[in-house]
Protein chains: 2
Amino acid sequence: METDCVGPRKLGDLQLKIMKVLWARGRATVSEVQQDLDGAKALAYTTVATMLRKMESRGLVRHLSEGRTFIYEAAYEESSVSKNMADDLVERLFEGRLSSLVSHFLSTRDVSEEELDRLEKLVRKSKRSKGKQ
Amino acid sequence: METDCVGPRKLGDLQLKIMKVLWARGRATVSEVQQDLDGAKALAYTTVATMLRKMESRGLVRHLSEGRTFIYEAAYEESSVSKNMADDLVERLFEGRLSSLVSHFLSTRDVSEEELDRLEKLVRKSKRSKGKQ
DNA sequence: CATAATCTACTACTTTGGTAATACTACCTA
DNA sequence: TAGGTAGTATTACCAAAGTAGTAGATTATG
């Protein structure tokens with residue numbers, strides 16, 4: 001599991017959903033992706049196939065053949081993509097300040113108490129591990 | 001300054017930069033935007049003008065004429081756009097869980113101690129105000 | 001007045017994402 | 001073996017973002 005940095009900073013809606021399916025399943029055929037994908041409006045089989053091919057040419061996924069069937073898998077880890085996309089946004093929007101993002105969230109959304117607890121714990125833990133470093 | 005909710009959930013790079021210029025200046029002509037915009041590679045005047053026209057047709061900005069010159073201004077507040085974009089990402093990436101986002105950041109980036117302090121204060125404050133509600 | 005500078009309007013082109021129909025091929029089954 | 005089924009390949013469209021040239025009008029200036 002290499003550090004395999006880099007990776008995409010932006011993914012379209014469909015592309016991200018497809019990646020999620022692949023991350024969840026490890027590897028999947030076109031029809032498996034298609035099935036896992038549908039929520040309400042099912043996409044045509046060929047739509048999914050085409051998207052996968054485009055994504056492959058962009059290096060987001062790769063495939064191996066099993067008989068005449070393609071088995072796709074993600075070319076990047078989920079954490080790496082999430083990181084990049086989140087970084088990108090915080091960069092573009094808040095000049096890289098995580099606290100600006102959070103403050104924004106806290107002031108514009110109704111964050112539940114459990115969420116707040118989780119957050120507090122996270123920050124504390126992070127501070128601790130930072131302190132003794 | 002109405003609550004003017006809604007607003008765009010996604011903005012391209014250039015569009016966001018233009019919005020930032022408008023937010024910073026309040027209102028601006030095409031050439032003002034063009035000037036404020038440049039960082040390294042300057043864009044053609046017409047590029048900026050075209051983009052502004054496209055953005056206007058999408059409702060992101062509006063203009064008023066002063067003589068034959070257009071004065072543009074943002075049609076949405078910065079906070080509202082930031083919120084939408086951030087919400088969109090957290091939705092797409094972390095199923096809406098702010099803590100997942102933060103945890104992600106804390107574990108993948110080197111967040112400074114000051115940032116951590118800021119964060120802790122933010123969360124505490126938010127918890128307090130929530131408690132007595 | 002003539003000409004240069006400044007504006008908007010229009011047109012155009014390239015990518016990328018999304019969506020899908022068609023076509024062709026291989027395989028399975030009655 | 002004939003026909004449906006399941007796969008990939010090819011082709012096509014549309015919309016949005018980004019970039020910019022050209023045209024035409026207006027204003028300022030020498």
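What you see is a predicted model; the values in this text were computed from it and never measured. Sequence lines set the chain letters: A, B, ... in the order given, protein chains first and strands last, and positions in each chain run from 1.
B:R68 has its CZ atom 10 Å from the P atom of C:dT6, to the nearest Å. Separating the CD1 atom of A:I18 from the P atom of C:dT19 is a distance of 9 Å, rounded to the nearest angstrom. Taking atom NZ of residue B:K10 and atom P of nucleotide D:dG18, one finds them 14 Å apart after rounding to whole Å. Atom P of nucleotide D:dA17 and atom CD of B:Q15 are separated by 4 Å, given to the nearest angstrom. If you take NZ of B:K17 and C1' of D:dG18, they are 11 Å apart, rounded to a whole angstrom. Nucleotide D:dG18 holds its P atom 5 Å from the CE atom of B:M51, rounded to whole Å. For A:M19 and C:dG17, the CE to C1' distance is 15 Å, given to the nearest whole Å. A:R9 has its CZ atom 18 Å from the C1' atom of C:dT16, to the nearest Å.
Nearest nucleotide to the side chain of B:L43, out of D:dG18, C:dG18, D:dA20: D:dA20. With C:dT19, D:dT8, D:dA17 as the choices, the nucleotide that has an atom nearest any side-chain atom of B:R58 turns out to be D:dA17. With distances taken from any side-chain atom of A:V30 to the nucleotides D:dT8, D:dT10, C:dT19, the minimum falls on D:dT8. Looking at the side chain of A:S31, the nearest of the listed nucleotides D:dT22, C:dA20, D:dG7 is D:dG7.
Put simply, the side chain of A:T69 and the base of D:dG7 share no donor and acceptor less than 3.5 Å apart.
Residue contacts shown for A:T29 are absent, as no nucleic acid heavy atom lies under 4.0 Å away. Nucleic acid contact for B:A44: sugar-phosphate only, since backbone atoms but no base atoms lie under 4.0 Å from a heavy atom of the residue.
Residue B:I71 is not grouped with residue B:L52 when hydrophobic side chains (ILVMFWY) are merged at heavy-atom distances under 4.5 angstrom, including chains of intermediate members.
Considering only side-chain N and O atoms, A:R53 lies under 4.0 angstrom from the phosphate OP1 or OP2 of D:dA9. Side-chain nitrogen and oxygen atoms of B:Y45 include none within less than 4.0 Å of the OP1 or OP2 phosphate oxygen of D:dT19. Taking 4.0 angstrom as the limit, A:T47 places a side-chain polar atom (N or O) nearer than this to OP1 or OP2 of C:dA20.
When every heavy atom of A:A75 is checked against every heavy atom of A:G59, the shortest pair comes out as CB-O, 3.4 Å.
Interatomic distance, NZ of A:K125 versus OG of A:S129, reported as 7.5 Å (0.5 Å rounding).
Ion pairing between a basic and an acidic side chain is recognised when a charged N comes within 4.0 Å of a carboxylate O; B:K83 and B:D88 show no such pairing.
Residues A:H63 and A:E56 bring a donor and an acceptor atom of their side chains to less than 3.5 Å of each other.
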